[in-house]
Amino acid sequence: MLKKDYRCFNLISLMKKISLILLSIIVLVNYNCSGSSAIQEGDNLDFKQKEWASAQEINRRLGKGINIGNTFELRQSLQPNFVFDDMERIAGLGFSHVRIPINWERADRSSSTEPYTIKNDFFKTIDSVVKEALKNKLHVIINLHHHDAFMANPTTNKERFLSHWKQISDHFKGYPDSLLFEVLNEPHDKLNTSMWNVYLKEALNVIRKTNPKRCVLIGTAEWGGISGVKYLSLPNDPNIILTVHYYSPFQFTHQGASWTEGADAWLGTEWRDTETERQKVIDDFKPVLKLAMQKGIPIHIGEFGSYSKADMDSRVRWTRYLSSWFNQQGFSWAYWEWNAGFGIYDPKTKSYRMQLIDALLNDKLLD
Ligand code: BGC
């Protein structure tokens with residue numbers, strides 16, 4: 001009897017060992033197949049999303065945000081190192097989300113030929129940045145930024161664009177609802193208004209296969225501005241947010257910008273916060289508010305900001321008026337940007353531009 005029990009015990013322990021080995025093999029195979037493991041033990045993040053919040057609720061939670069601009073969307077030679085502590089700084093200031101512009105098209109990050117595979121190492125880099133933001137209780141938006149080859153030749157590069165979304169959505173499918181996808185930054189060039197309406201739906205269909213409920217932001221053609229709103233045909237999907245960019249008056253926000261032709265001639269342009277200037281903002285946003293009313297779609301302002309060559313007093317007035325007005329409309333927003341030419345933080349001296357920060361975060365000032 002003893003012997004039989006002993007043998008039986010041995011058999012059970014052998015079976016346990018075999019199942020453990022099998023389990024490990026399955027885990028390893030899965031790890032390799034998905035390109036890399038997005039979620040890992042020890043992350044200390046609750047990735048078991050049970051209830052998915054509505055787009056309205058997510059937009060409310062997005063609230064006030066900032067772009068980690070001039071970082072992951074830049075060319076390889078220009079990209080500065082990302083500083084992980086910045087997420088804590090951003091959360092500490094009182095922002096509730098970060099928008100992370102990303103260029104996945106870059107030659108060192110993905111292959112330009114079929115099957116357009118995004119490199120594991122790059123997924124790991126973005127994983128670590130997103131996780132750092134989530135650990136600091138920030139919501140996160142990731143996008144496709146400066147996908148210039150796609151926009152220069154949309155028909156030829158369509159499969160590459162859709163393949164990127166297939167890989168990205170598959171990789172991040174286990175993340176909580178505080179991670180959002182934005183289909184494409186500032187569609188322009190050959191990607192015209194009607195093509196964009198078709199392609200954005202195709203990308204959304206790809207995303208929905210693996211992320212049925214994740215909030216997806218959709219921007220407008222013609223560089224993501226308000227002028228593109230009238231051409232936009234929105235997909236019938238409850239979990240989408242409309243995102244627009246606002247840099248008006250452009251001669252003020254982009255004065256002296258080296259990447260904008262003729263911008264030196266605008267140096268000295270002020271924004272005085274007059275009734276006329278305020279009214280211009282309100283008039284500009286009429287199509288956005290109309291669409292929001294008609295479709296019940298939440299609104300996010302994905303970029304707004306002024307370049308450092310404008311005078312600080314005007315920048316403060318413009319930033320304060322816009323952020324307060326956006327809050328009043330129930331829009332969420334992300335200031336352009338954290339620590340470069342438009343930035344609220346100087347990484348060299350590790351100092352804050354407090355006037356701009358107050359203008360963004362103190363919303364009692366709209367009179
Ligand atoms: C671009 C940046 C630019 C900013 C303001 C962004 O969409 O990616 O390069 O600095 O707009 O012009």
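The model shown is predicted, which means the values in this text are computed figures rather than measured ones. Ligands are counted one by one from 1 in listed order, and the atoms in each one are counted from 1 as well.
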Exercise for the section: Examine R160 relative to F150 and say whether NZ or CZ is less than 6.0 Å from the centre of the six-membered ring and inside a 45° cone about the ring axis. Expected result: no
Practice task
Would you mind listing the cluster partners of I241? Hydrophobic ones only (ILVMFWY), side-chain contacts under 4.5 Å, chaining allowed.
Solution key: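 The other cluster members (ILVMFWY side chains, heavy atoms under 4.5 Å, direct or chained) are I58, L62, I141, L180, L217.
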Problem - Verify same cluster id: L291, W325 (apolar side-chain graph, 4.5 Å) - result: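 In one cluster: yes.
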Completion exercise
Pocket residues around ligand 1 (non-hydrogen, under 4.0 Å) come out as H145, H146, N185, E186, Y247, H254, W259, E303, W336, F342
Exercise for the section: Please check if any side-chain donor atom of N339 sits under 3.5 Å from a side-chain acceptor atom of R89, or the reverse. Expected result: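 No.
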Exercise for the section: Apply the test salt bridge (charged side-chain N to carboxylate O under 4.0 Å, His left out) to residues K280 and D283: give CA-CA distance (whole Å), side-chain angles for both, the deciding distance (0.1 Å), then the verdict. Expected result: CA-CA 5 Å; K280 175 80 172 76; D283 290 345; over 6 Å; no
Exercise for the section: May I ask you to check whether W104 and F123 place their ring centres under 6.0 Å from each other? Expected result: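 Yes.
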